[in-house]
Amino acid sequence: NAGVTQTPKFQVLKTGQSMTLQCAQDMNHEYMSWYRQDPGMGLRLIHYSVGAGITDQGEVPNGYNVSRSTTEDFPLRLLSAAPSQTSVYFCASSASRDRGIGELFFGEGSRLTVL
Amino acid sequence: GDSVTQMEGPVTLSEEAFLTINCTYTATGYPSLFWYVQYPGEGLQLLLKATKADDKGSNKGFEATYRKETTSFHLEKGSVQVSDSAVYFCALNTGNQFYFGTGTSLTVIP
């Protein structure tokens, strides 16, 4: 099983450029989310979605857009990259539960550097 | 708001030593609690979980007990191996969000 697949694994951008980090899952999970991981700060939630057509903001949404047109895909868009967005990004998904989300399944991460 | 505080690292232990990584939480509801592990260059993967008070999660020799009275979920292992070297994250889930601790890096030396 592929699980959660993120592309690209590495990317270097210049300030002001735009790009999209792709995330796809093949587990028919309703819940998908994006995190960024920075040294000393753990993982911080950027955006999440509880199903196709539904998205919501997490802890650090500024500078990022998302959409959820299908159950499988949840792309993260950087409209105008800034050096502060240099980070490792993780996509994670979960089957919805009546009480909370349940276990998160993570992709392998995308390392983004903004110069 | 909801949050997780875990012991800062890095932690360095000799093989077969006892491991404890402390984790405490703040939550308004009744969260589920998790420990995730991240090996170098990889994403996080679930190590163990507990969904209600007094539950004990266990996996690969690791254990953690959900203590509501002390709002804690400390990770323990009786005898660590070199292969346990990784970063460990405590996390809680309430509603549609997960909250992660800052991570504790563990290095086990032979």
Side-chain angles (χ1 to χ4, degrees), chain A residues 1-7 9-10 21 23 25 27 29-51 54-61 68 74 88-111, chain B residues 1-10 21-53 55 57 59 64 66 73 75 86-105:
Chain A
N1 286 339
V4 179
T5 303
Q6 291 182 232
T7 56
K9 286 187 168 40
F10 300 94
L21 297 176
C23 176
Q25 52 90 11
M27 297 173 283
H29 284 169
E30 295 182 29
Y31 182 92
M32 296 185 74
S33 55
W34 277 103
Y35 292 85
R36 58 178 290 171
Q37 182 180 27
D38 301 293
M41 304 195 73
L43 276 77
R44 293 181 292 169
L45 181 64
I46 304 171
H47 286 284
Y48 66 95
S49 168
V50 297
I54 306 169
T55 63
D56 207 345
Q57 296 181 351
E59 182 184 358
V60 288
R68 185 90 180 272
F74 191 46
V88 180
Y89 292 85
F90 288 98
C91 181
S93 72
S94 178
S96 292
R97 297 285 185 265
D98 290 336
R99 177 175 168 271
I101 303 167
E103 177 185 353
L104 281 175
F105 293 82
F106 283 84
E108 294 185 346
S110 298
R111 183 176 294 275
Chain B
D2 296 348
S3 66
V4 172
T5 302
Q6 69 179 96
M7 185 172 103
E8 292 192 14
I21 301 177
N22 291 337
C23 172
T24 57
Y25 69 90
T26 301
T28 53
Y30 299 93
S32 296
L33 301 175
F34 303 79
W35 277 99
Y36 280 83
V37 59
Q38 184 180 31
Y39 299 103
E42 299 183 8
L44 281 71
Q45 54 187 276
L46 179 67
L47 180 60
L48 54 84
K49 66 180 180 182
T51 58
K52 61 183 187 296
D55 270 1
N59 186 26
Y66 189 148
F73 194 56
L75 183 68
V87 180
Y88 294 81
F89 292 90
C90 185
L92 71 84
N93 169 220
T94 58
N96 287 326
Q97 298 203 22
F98 262 76
Y99 298 89
F100 287 85
T102 54
T104 302
S105 175

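From a predicted model like this one, the values you see are computed outputs, not experimental measurements. Throughout, a chain's letter reflects where its sequence line sits, starting with A, and its residues are numbered from 1.
Looking at Leu43(A), both its backbone and its side chain come within 4.5 Å of chain B, counting heavy atoms on both sides. With a threshold of 4.5 angstrom between heavy atoms, Gln38(B) approaches chain A through side-chain atoms but not through N, CA, C or O. Looking at Gln37(A), only its side chain comes within 4.5 Å of chain B, counting heavy atoms on both sides. Tyr35(A) touches chain B through its side chain: at least one heavy atom from C-beta onward sits under 4.5 Å away, while N, CA, C and O do not.
Checked against the 6.0 Å centroid criterion, the rings of Tyr36(B) and Phe106(A) qualify as a close aromatic pair.
Heavy-atom contacts from other residues, nucleotides or ligands closer than 6.0 Å to CD of Glu42(B) number more than 12.
Rounded to the nearest 0.5 Å, atoms CG (Leu104(A)) and CG (Leu44(B)) are 9.0 Å apart. The OG atom of Ser33(A) sits 8.5 Å away from the CZ atom of Phe98(B) when rounded to the nearest 0.5 Å.
The main-chain N or O of Asn96(B) is found under 3.5 Å from a side-chain atom of Tyr31(A) such that the two form a donor-acceptor pair.
Looking only at heavy-atom pairs under 4.5 Å with chain B, the residue among Met41(A), Glu59(A), Arg44(A) that has the most is Met41(A).
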